[in-house]
Colleague: 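Sharing a structure here in structure tokens format.
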Amino acid sequence: MTQQDQSQTAEGQITESVRLERRDDVALLIVNNPPVNVLSYHVRQGLIDGMAAAESSDASAIVLICDGRTFIAGADITEFSQPPKPPALVPGQEAMENCSKPVVAAIHGTSLGGGLEVALCAHFRVAISSAQFGLPEVKLGLLPGGGGTQRLPRITGPQRALEMMVSGDPIGASEALECGLINEIVGDSLADLEAGAVAFARRAAAENMPRPRIRDRNERLEGFGTEQFAAFRASIARRTRGFEAPERIIRCVEAAVSTAASGDFEAGLAAEARIFGELMGSSQANAQQYYFFAERAAQKVPDVPRDTSQVDIARVGILGAGTMGGGIAMNFANIGIPVTLVERDEASLERGLAVVRRNYERTAARGGISSDDVQTRMDLLRGSTDMGDFADCDLMIEAVFENMSLKKDVFAQLDDICKPGAVLATNTSALNVNEIASATSRPQDVVGMHFFSPANVMRMLEVVRGDATSRTAIATAMSIGKRIGKTPVLCGVCHGFIGNRMLFMRGVEADQMLLEGATPAQVDKVVYDFGFPMGPFAMRDLAGLDVGWNPDTSSSSTVREVLCESGRRGQKNGRGYYIYDPDTRASTPDPEVTQMIRDFASERGVTLREVTDAEIGERCLYPIVNEGAKILDEGIALRGSDVDVTWINGYGWPMYTGGPMYWADEIGLGEVLDRIRHYDQTLGGDHWTPSPLLERLAAEGGSLARYES
Ligand code: T1G
Ligand code: NAD
């Protein structure tokens, strides 16, 4: 093909990641930037040069399409921490918008962030049925800075656009078609996509289909004003508490509506760029982008490579259908994996299955699933009181009472029953997985899979590696954990693993401060204001004061025992550290509890004093950091960022602070160490003994978050 022909047909490699090909009269602008086609600088340049070449060629229409597993998944987040690399995204977008030929974006996989913003500059969008569309920038502490806040509301209307941008969650192809985001679903496969897009483009050219630019379409913005914005702000207040980006997104859409009135789209874009600048590089954005890569790093276990053999999970067995067993079973039924659920007696089994059905019916009532889905998922659960029914299970998860001898007893039975190679997992909250494994003849198949309550909701999953646990068992637990929508984090064997071990230390200090004069409400408010969904005492009331309490051995040795002995169980019986309104579940401080704490303290000669909020903050958070450093030092966690992923997904540590390790780095390890040493000298207790790793990193100017064991 001569140079002359090439410019005529404009075929060939444009940049390292963008090329042009022809399908007769239609030009294909193809992005190939593995693994997820992000908008790296050479992709942006390829869009500009590729559009120019296609525009000046004899092609009648242009299709933008991507190789690999997905359409453009957004801007290249790795570029955010570097000086901006030219070119900007806008010239490529404008070339598409202003092209004299129809431009069709052909979408598969995930069209996210800048990827969707590029697609919104095409005149038409077609997709395959499995495609997803979203503007997830808010999850990175940002907002859609490539025109998304101005163009999306013009297509979907402000309400849906606000919901998509503030949640950051994607929508599917059928919803995208229904709301006008795409013009056509062209099939299910990549082959369908290219053929469908080329056909659509050819038709658009042949029929000279009208192709208004989205920037010129203001009709969907009409009728959405102050009242609607106020209502939207109120509707998101609770779930976006503490995050800065959501409010900024709303302001951008307000700018879209106000500038549309004057038809000044560029003014809307300018407002977006200005407000985007307020977020880029902010502490929240940096923390959330750190978390983005931390979550991905957590999936990697250095000595368990991606190609490690795994057990194929066709059926799961769960022993114990209590608080955890039922929730765990739902995770597998949700993705279509049949579950055998065994309880010790019919009554317990029926109770457990009834709780699961109630949970599904509640989700269906909220429109989360259909009523058919409820039955489909219940049909995947096979209840039994015979452990022999576990013989055909590929993965076993034990969730019986937290008692070592009981767990060893059931694992010995599972060892006899389960087929060779089945993975035997325990959901213990804290017990020694090696000791549990020692009850079997196959400790290599035993692993901890520690779910968090409620197990069908919480994304956190600690995968506990015993001394003998095989790489296959680890790889199987990590990958099935991801398949059921969890964020698996690997950890070694110690009491309480990563999360609960650190939580215990906060609990010690929270209990001590009650004796010294703080109230449950005061402590909980400080932790809540820091950004946690609730404080330690409200959390205990939610989980149940009696979890782990043994009435036979109870001896009023802690405030918690005194409360349990008084019949308090927490939310489940309306009285715990707080009194709960039976209808609204609203909590109020209980003066009786305040007096019980005072009596308990004076019996032990604890001096009553004023405990400030600042002190409460330090004494609730620094023990967590110190214990996290000890866990890293012992190699229980692989990396500092795993500790942060655990606390953000398992305990509601506010993501916009990055997690305890990242947060401590941001404060300065020297400062944190000084305060820990202060409490070590003034209060004492093992949990205040400074971690040698923390001391070392503070001295070397190192980082806990970036520490690798
Ligand atoms: N930038 C850089 N690297 C990225 C990336 C991105 N946007 N997305 C993914 N990766 C890397 C990731 O770190 C991993 O690397 C590999 O790709 C596979 O990802 C202007 C400002 C697309 C749904 O927020 O949600 O556009 O670990 O393991 O589970 O308005 O990745 O293998 O070395 O997650 O199949 C907006 C982020 C950016 C989408 C695929 N876009 N990505 O999930 O694979 S901001 C996003 C995802 C923006 C504009 C603004 C997911 C995915 P490694 P993975 P996956
Ligand atoms: P639970 O008391 O609600 O349920 C335990 C269930 O096990 C009961 O229904 C009981 O009938 C059943 N059971 C006991 N012995 C059995 C046997 N031999 N065969 C079959 N079933 C038997 O307890 P839970 O809160 O679901 O805790 C279960 C496990 O999960 C414990 O190890 C606990 O530490 C752990 N865990 C609990 C939480 C939580 O917040 N509740 C969180 C993570 C892990």
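We use all heavy atoms of the structure for the numbers below, so side chains are in, but hydrogens, waters and symmetry mates are not.
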Colleague: Rounded to the nearest 0.5 Å, what's the gap from CG on L638 to CG on D642? Could you check?
Modeller: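 Those atoms lie 5.5 Å apart.
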
Colleague: Which heavy-atom pair separates M165 from I249 by the least distance, and what is that distance?
Modeller: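 Distance-wise, the nearest heavy atoms are O-CD1, 3.4 Å.
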
Colleague: If you apply the rule side chain to side chain contact (heavy atoms under 4.5 Å, CB included), what do you find for D386 with V342, and how did you get there?
Modeller: CA-CA 7 Å; D386 176 3; V342 172; 6.0 Å; no

Colleague: Taking the six-membered ring of Y291, is the NZ or CZ of R296 close enough (under 6.0 Å from the centre) and on axis enough (within 45°)?
Modeller: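 Judged by the rule, R296 and Y291 form no cation-pi pair.
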
Colleague: For A430, is there any backbone N or O sitting under 3.5 Å from a side-chain donor or acceptor partner on E402?
Modeller: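 Between the backbone of A430 and the side chain of E402 there is a qualifying donor-acceptor contact (under 3.5 Å).
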
Colleague: Quick one: does I107's side chain get under 4.5 Å of V126's, heavy atoms only?
Modeller: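 No, too far: nothing below the 4.5 Å cut-off.
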
Colleague: Are V463 and V489 side-chain neighbours, meaning at least one heavy-atom pair lies under 4.5 Å?
Modeller: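 No, side chains not in contact.
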
Colleague: When rounded to the nearest 0.5 angstrom, what is the spacing between CD1 in I250 and CZ in R233?
Modeller: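 Between atom CD1 of I250 and atom CZ of R233 there are 5.0 Å.
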
Colleague: Just do the salt bridge (charged side-chain N to carboxylate O under 4.0 Å, His left out) check on D372 and R377 with the steps written out, would you?
Modeller: CA-CA 9 Å; D372 290 350; R377 295 175 192 198; over 6 Å; no

Colleague: Testing the 3.5 Å rule here: is there a donor-acceptor pair between the side chains of R357 and Q375?
Modeller: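 Their side chains do contain a donor-acceptor pair, which is all the 3.5 Å distance test asks for.
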
Colleague: Does the side chain of M534 reach to within under 4.5 Å of the side chain of D524, using non-hydrogen atoms?
Modeller: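 With C-beta onward as the side chain, the pair stays apart.
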
Colleague: Can you tell which of Y577, Y578, Y580 makes a side-chain hydrogen bond (donor to acceptor under 3.5 Å, both in side chains) with D541?
Modeller: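 Of the listed residues Y577, Y578, Y580, the side-chain hydrogen bond (donor to acceptor under 3.5 Å, both in side chains) partner of D541 is Y580.
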
Colleague: Looking at L181, is its backbone amide N or carbonyl O close enough to the side chain of R125 to form a donor-acceptor pair, meaning the two atoms are under 3.5 Å apart?
Modeller: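 Yes.
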
Colleague: Is the side chain of S453 donor-acceptor paired with the backbone N or O of A455 at a distance under 3.5 Å, no angle test?
Modeller: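 Not a single qualifying donor-acceptor pair exists.
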
Colleague: Do L461 and T487 come within less than 4.5 Å of each other through their side chains, counting heavy atoms only?
Modeller: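 No - every pair of side-chain heavy atoms lies 4.5 Å or more apart.
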
Colleague: How many angstroms lie between CD1 in I318 and OG1 in T340, if you round to the nearest 0.5 Å?
Modeller: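 Output value for this atom pair is 9.0 Å.
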
Colleague: Are there over 12 heavy-atom neighbours, none belonging to R306, within less than 6.0 Å of that residue's CZ?
Modeller: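 No - once you tally the heavy atoms of other residues, nucleotides and ligands closer than 6.0 Å, there are 12 at most.
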
Colleague: Is the backbone N or O of F71 less than 3.5 Å from a side-chain atom of N37, with the two atoms forming a donor-acceptor pair by type?
Modeller: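 No.
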
Colleague: What are the two closest non-hydrogen atoms of D345 and T385, and how far apart are they?
Modeller: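 The pair with the smallest heavy-atom distance is C-CG2, 3.5 Å.
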
Colleague: Are R639 and K300 side-chain neighbours, meaning at least one heavy-atom pair lies under 4.5 Å?
Modeller: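 SC-SC contact between R639 and K300 confirmed.
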
Colleague: Could you tell me whether the side chains of R568 and N573 share a donor-acceptor contact shorter than 3.5 Å?
Modeller: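 Judged by distance alone, the side chains do not pair up.
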
Colleague: Would you name the heavy atoms of A131 and H108 that are closest together and state the gap between them?
Modeller: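 Between these two residues, the closest heavy atoms are CB-CA, 4.2 Å.
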
Colleague: I need the I397 CD1 to L341 CG distance, nearest 0.5 Å.
Modeller: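 I397 atom CD1 to L341 atom CG measures 11.0 Å (nearest 0.5 Å).
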
Colleague: Regarding R459 and the six-membered ring of Y651, is the cationic atom NZ or CZ under 6.0 Å from the ring centre and inside 45° of its axis?
Modeller: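 Relative to the ring axis of Y651, which defines the angle, R459 lies outside at least one limit.
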
Colleague: Using the side chain to side chain contact (heavy atoms under 4.5 Å, CB included) rule, take K139 and D169 through it: C-alpha gap first, then chi angles, then the decisive distance, then the call.
Modeller: CA-CA 9 Å; K139 296 183 178 179; D169 297 332; 2.8 Å; yes

Colleague: I want to check something: taking the side chain as every heavy atom from C-beta on, are F451 and N331 in contact at a cut-off of under 4.5 Å?
Modeller: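 Side chain of F451 against side chain of N331, heavy atoms only: contact under 4.5 Å found.
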
Colleague: Do R160 and E178 sit within salt-bridge range, that is, some charged N less than 4.0 Å from a carboxylate O?
Modeller: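 Yes.
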
Colleague: Drop me the distance from I337's CD1 to I335's CD1, to the nearest 0.5 angstrom.
Modeller: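 Between I337 CD1 and I335 CD1, I get 4.0 Å after rounding to 0.5 Å.
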
Colleague: I need the minimum non-hydrogen distance between R569 and W549, along with the two atoms involved.
Modeller: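 It is NH2-CZ3, 3.4 Å.
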
Colleague: Where is the tightest heavy-atom contact between G659 and I648, given as atom of each residue plus distance?
Modeller: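 Taking every non-hydrogen atom into account, N-CD1, 3.9 Å.
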
Colleague: Specify the closest pair of heavy atoms between G466 and V493, including all atoms of both residues, with the distance to one decimal.
Modeller: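 Heavy atoms of G466 and V493 come nearest at CA-CG2, 3.8 Å.
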
Colleague: Are the side chain of T657 and the backbone of W653 linked by a donor-acceptor contact shorter than 3.5 Å?
Modeller: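 Looks like no, no N/O pair under 3.5 Å.
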
Colleague: Could you check T240 against V166 for side chain to side chain contact (heavy atoms under 4.5 Å, CB included), going step by step and ending with a plain yes or no?
Modeller: CA-CA 8 Å; T240 60; V166 167; 3.9 Å; yes

Colleague: Carefully, step by step, assess L424 and R442 under the rule side chain to side chain contact (heavy atoms under 4.5 Å, CB included).
Modeller: CA-CA 9 Å; L424 308 180; R442 47 174 132 175; 4.0 Å; yes

Colleague: Measure the shortest side-chain to side-chain distance between I480 and K486 over non-hydrogen atoms and say whether it is less than 4.5 angstrom.
Modeller: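 Result no, sub-4.5 Å side-chain heavy-atom pair not found.
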
Colleague: Is a donor from one side chain sitting under 3.5 angstrom from an acceptor on the other, for N456 and Y360?
Modeller: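 No.
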
Colleague: Look at the side chain of D192 and the backbone N and O of V186, then say whether any donor-acceptor pair between them is shorter than 3.5 Å.
Modeller: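 No.
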
Colleague: D394 side chain to R315 main-chain N or O, any donor-acceptor pair under 3.5 Å?
Modeller: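 Pair found, side chain donor or acceptor close to backbone of R315.
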
Colleague: Donor-acceptor pair, distance only, cut-off 3.5 Å: does the side chain of T110 make one with the backbone of L112?
Modeller: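 Not a single qualifying donor-acceptor pair exists.
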
Colleague: Assess the side chains of N403 and S405: does a donor N or O sit below 3.5 Å from an acceptor N or O?
Modeller: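 Present: a donor and an acceptor within the cut-off.
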
Colleague: Apply side chain to side chain donor-acceptor pair (under 3.5 Å) to S429 and N500, showing your working.
Modeller: CA-CA 7 Å; S429 303; N500 281 346; 4.6 Å; no

Colleague: Output yes when a side-chain donor or acceptor of E398 lies under 3.5 Å from a complementary backbone atom of V400, and no otherwise.
Modeller: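 Pair found, side chain donor or acceptor close to backbone of V400.
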
Colleague: Going by atom types alone, do S370 and D373 pair a side-chain donor with an acceptor below 3.5 Å?
Modeller: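 Short answer, yes.
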
Colleague: Please lay out, stage by stage, how R471 and D303 fare under the test salt bridge (charged side-chain N to carboxylate O under 4.0 Å, His left out).
Modeller: CA-CA 8 Å; R471 289 188 175 82; D303 68 332; 3.5 Å; yes

Colleague: Using a 3.5 Å distance criterion without hydrogens, assess whether the side chain of D415 forms a donor-acceptor pair with backbone atoms of A412.
Modeller: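 A pair under 3.5 Å: no.
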
Colleague: May I ask you to test the M449-V464 pair for a side-chain heavy-atom distance under 4.5 Å?
Modeller: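 Heavy-atom side-chain distance check fails, nothing below 4.5 Å.
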
